[in-house]
Protein chains: 2
Amino acid sequence: MIEAQIYKALGDPVRLQIITRLAAGSPYTIGELSKNLGISRQGARKQLQVLVSANLVHLSQKGRETEVVLDTDKLTIAKQFITNIEQQWDLRLQALKDFVENNPTKK
Amino acid sequence: MIEAQIYKALGDPVRLQIITRLAAGSPYTIGELSKNLGISRQGARKQLQVLVSANLVHLSQKGRETEVVLDTDKLTIAKQFITNIEQQWDLRLQALKDFVENNPTKK
DNA sequence: TATTTATGCAACCATTTGGTTGCATAATGT
DNA sequence: ACATTATGCAACCAAATGGTTGCATAAATA
């Protein structure tokens with residue numbers, strides 16, 4: 001279950017907020033991104049690091065600033081996992097339905 | 001960010017394993033499901049509870065057994081969130097591409 | 001050159017998490 | 001009736017998490 005780390009990284013409101021902002025309005029610097037999250041800059045930086053470690057974003061140094069860039073590959077993997085689960089589940093429900101239809105309760 | 005709780009619940013290999021098994025071969029009882037996860041029954045039960053609390057699965061009492069059923073609604077919400085992020089991100093990339101094309105670097 | 005700005009690093013702290021063991025109990029099987 | 005099975009509940013524990021503050025430093029600006 002490699003996906004666990006990705007979901008874990010997504011499993012925090014501050015981090016989801018960061019992802020949302022990045023998708024909407026990059027490029028962002030660490031400093032900008034750390035504002036208005038309700039926590040300190042260093043607090044925000046730690047959350048950002050979780051996203052970096054999960055490869056959901058990457059950083060690129062620009063002079064004294066650091067640009068934060070969204071990386072959608074891992075998001076796609078996470079989405080694919082859910083799609084697969086849903087698909088298997090639907091197959092099962094369909095199989096169950098077929099079974100019921102072919103084996104009517106005797107009156 | 002309501003999705004955070006869902007992702008958090010998905011963010012553990014044992015819990016992903018449980019979800020995967022449920023999608024593949026329900027109905028499962030708590031006892032069956034707790035086997036072969038590499039942890040104790042009570043340990044597995046605690047992980048299962050996390051999924052219940054996040055409404056990813058629900059339980060239904062059957063005599064002395066408890067049936068565990070997958071609930072795909074929350075999964076769908078989680079998937080939708082990712083889809084939205086990807087979409088916004090693609091829009092941005094496209095806008096950036098257009099900008100570059102209409103503003104060629106002067107030779 | 002002096003100051004401000006963007007950032008990093010580390011120590012610290014309370015709470016949550018992921019696991020354990022031990023014991024209780026209600027439903028089922030013999 | 002007795003034993004077994006499926007489960008719940010609670011206490012406990014180490015490690016991880018989510019936050020803080022304080023201090024250091026390199027780059028940009030005045």
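Naming: A, B, ... by sequence-line order, numbering from 1 per chain.
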> To the nearest angstrom, how far is B:Ile39 atom CD1 from D:dA14 atom P?
Replying inline: 19 Å
>> Over all strands shown, is B:Arg45 touching base, sugar-phosphate only, or nothing at heavy-atom distances under 4.0 angstrom?
In response: sugar-phosphate
> What nucleic acid atoms does A:Lys62 come within less than 4.0 Å of, heavy atoms only: base, sugar-phosphate, or nothing?
Replying inline: nothing
> Does the base of D:dT5 carry an N or O that pairs as donor and acceptor with the side chain of B:Arg64 under 3.5 Å?
Replying inline: yes
> If every non-hydrogen atom of B:Gln47 is compared with every non-hydrogen atom of B:Arg15, which pair is closest and at what distance?
Replying inline: OE1-NH1, 2.5 Å
> Expressed in angstrom and rounded to an integer, what is the separation of B:Glu65 atom CD from D:dT5 atom P?
Replying inline: 12 Å
> Would you say B:Thr29 reaches D:dT7's phosphate, i.e. side-chain N/O to OP1/OP2 under 4.0 Å?
Replying inline: yes
> On DNA chain D, nearest-nucleotide positions of A:Gln42 versus A:Asp12: which is more 5'?
Replying inline: A:Asp12
>> Measure NZ/B:Lys46 against P/C:dT21 and give the value in whole Å, please.
In response: 13 Å
> Nearest-Å distance, CD (B:Gln61) to P (C:dA26)?
Replying inline: 13 Å
> Which part of the nucleic acid, if any, lies within reach of A:Gly43 when heavy atoms closer than 4.0 Å are counted: base, sugar-phosphate only, or nothing?
Replying inline: base
> To the nearest Å, how far apart are B:Leu51 CG and C:dG18 P?
Replying inline: 11 Å
> Quick one: A:Lys35 NZ to C:dT7 C1', roughly how many Å, whole number?
Replying inline: 13 Å
> D:dG18 P sits how many Å from B:Met1 CE, rounded?
Replying inline: 16 Å
>> By the 4.0 Å heavy-atom rule, please label A:Ser40 as base, sugar-phosphate, or nothing.
In response: base
> Whole Å only: how far is the CZ atom of A:Arg41 from the P atom of C:dC9?
Replying inline: 11 Å
> How close do A:Ile39 and A:Val14 get, heavy atom to heavy atom, and via which atoms?
Replying inline: CD1-CG1, 4.1 Å
>> Determine whether A:Leu70 and A:Val57 satisfy the following criterion, side chain to side chain contact (heavy atoms under 4.5 Å, CB included), listing intermediate values before the conclusion.
In response: CA-CA 4 Å; A:Leu70 187 61; A:Val57 306; 4.2 Å; yes
> Taking the nucleotide of DNA chain D with the closest heavy atom to each, which residue, A:Gly63 or A:Arg15, is nearer the 5' end?
Replying inline: A:Arg15
> Does B:Thr66 place a side-chain N or O at less than 4.0 Å from the phosphate oxygens OP1/OP2 of D:dA6?
Replying inline: no
>> Looking at C:dT17, I'd like to know if its phosphate oxygens (OP1 or OP2) sit under 4.0 Å from a side-chain N or O belonging to B:Lys8.
In response: yes
> In terms of side-chain geometry, is the basic nitrogen of B:Lys79 or A:Glu86 positioned less than 4.0 Å from the acidic oxygen of its partner?
Replying inline: yes
>> Go through it in stages, so that I can follow the logic: the residues are A:Lys46 and A:Val50, the test is side chain to side chain contact (heavy atoms under 4.5 Å, CB included), and I'd like the CA-CA distance, side-chain angles, deciding distance and then a yes or no.
In response: CA-CA 7 Å; A:Lys46 282 181 70 173; A:Val50 175; over 6 Å; no
